[in-house]
Amino acid sequence: MSDGRALAREFLEQQRLLGGNPVILPGGPTPGLRPGSVGAQDTAGLTPGTPGSRPGSVGAPDIPPGLSYDPPGSDLFSNDPVPQAPSLATIAQLVANCTKCRLCEARRHAVPGEGAADARLVVVGEGPGRVEDETGRPFVGRAGELLTKILAAIELPRERVFICNVVKCRPPENRVPQYDEIAACVPYLFRQIELVKPAVILAMGGTAAQTLLNTKQSLGALRNQVHRLRGTPVIVTYHPAALLRNPNWKKPTWDDVRIARRFIG
Ligand code: SF4
């Protein structure tokens with residue numbers, strides 16, 4: 001089984017055990033996080049995480065009673081081309097035609113992600129916003145400009161990074177993606193990471209962090225540590241959109257980004 005396929009299966013199984021909802025309100029603990037899972041942490045030499053709130057959260061979406069583990073019609077694990085997709089271009093094609101969840105209904109453009117296929121850094125956000133939906137590109141607009149500046153500060157031109165989101169289509173009114181939407185979309189993300197094979201992943205915002213690390217811990221608790229996703233370091237930090245709302249988070253973000261930089265070489 002490919003790593004991306006295994007990760008997608010692991011993610012779904014973990015979320016089922018946790019109650020099917022990967023998104024939490026600020027400060028919540030992590031019941032049932034398995035030691036040694038994709039969320040296992042490597043904290044050597046780093047200070048403990050600081051409790052705090054998850055910026056940009058609109059709140060935890062409820063799982064409708066009776067929502068199935070695999071959404072009806074899902075073919076995540078049978079005849080699914082995603083885990084076998086040979087290239088990022090193939091993933092982009094699949095995403096462009098994807099109707100696996102309700103987010104396809106109002107999208108103008110799906111936003112698969114963009115950047116270097118051999119990037120040392122993969123940046124993962126939550127989902128496309130208005131400008132991303134209009135352009136089909138991730139992290140554009142003011143938040144995207146800020147991300148470009150953050151990358152420049154660690155001497156990484158944006159073109160050398162692969163940038164994508166957990167969900168590839170814009171949630172209405174920029175709400176937090178719901179459990180079944182993330183579950184339907186996450187195989188694309190895991191296959192992208194598997195293809196790029198980055199030296200480090202930067203998870204920007206709570207949804208990206210919780211999805212990649214398969215946990216319900218708050219962003220504040222996950223920051224300032226080195227996590228591992230199948231051996232690849234994962235650094236958690238604030239989403240640039242949150243920094244625009246709260247400039248006080250710029251300093252901690254800079255600290256996180258510098259941790260990520262150490263793995264890029
Ligand atoms: Fe497909 Fe993901 Fe878009 Fe849903 S959000 S329609 S799973 S590409």
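Counting from 1, the numbers follow the sequence of the chain as shown. Both ligands and their constituent atoms are indexed starting at 1 by order of listing.
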Item checked: Lys/Arg N to Asp/Glu carboxylate O, D256 vs K251, below 4.0 Å -> no

Note to self: Please classify the E181 to ligand 1 contact at 4.0 Å (heavy-atom distances, strictly less than): side chain, backbone, both or neither.
What the structure shows: neither

Checklist line | Residue and atom name of the nearest protein heavy atom (relative to atom 1 (Fe) of ligand 1), distance in Å to one decimal | finding: C98 SG, 2.2 Å

Margin query: I'd like to know if the side chain of R170 reaches the main chain of V131, judged simply by a donor and an acceptor atom lying under 3.5 Å from each other, with no hydrogens or angles considered.
Written below: no

Check: Would E194 and R191 pass as an ion pair if we require N to O under 4.0 Å?
Finding: yes

Notebook entry, point to check: Under 4.0 Å between a Lys/Arg side-chain N and an Asp/Glu carboxylate O for E181 and R175?
Noted result: yes

Notebook entry, point to check: Any idea which protein heavy atom is nearest atom 4 (Fe) of ligand 1, and the distance to it?
Noted result: C101 SG, 2.3 Å

Notebook entry, point to check: Does C169 bring an N, O or S atom to within less than 2.8 Å of atom 3 (Fe) of ligand 1?
Noted result: yes

Next item on the list: Could you tell me whether R130 and D133 make a salt bridge, using a distance below 4.0 angstrom between a side-chain N and a carboxylate O?
Entry: no

Margin query: Quick check on contacts: which atoms of ligand 1 are under 4.0 angstrom from a heavy atom of C104?
Written below: 6 (S)

Check: Any idea which atoms of ligand 1 are less than 4.0 Å away from a heavy-atom of K168?
Finding: 5 (S), 8 (S)

Item checked: R102 heavy atom under 4.0 Å from ligand 1 -> no

Check: Taking 4.0 angstrom as the limit, do R102 and D180 come out as a salt bridge?
Finding: yes

Next item on the list: Using a strict 4.0 Å threshold on nitrogen-to-oxygen distance, state whether R137 and E114 make a salt bridge.
Entry: yes

Next item on the list: Name the closest protein heavy atom to atom 2 (Fe) of ligand 1, giving the residue it belongs to and the distance to 0.1 Å.
Entry: C185 SG, 2.3 Å

Next item on the list: With heavy atoms of R107 as the reference, note each atom of ligand 1 found under 4.0 Å away.
Entry: 3 (Fe), 6 (S)

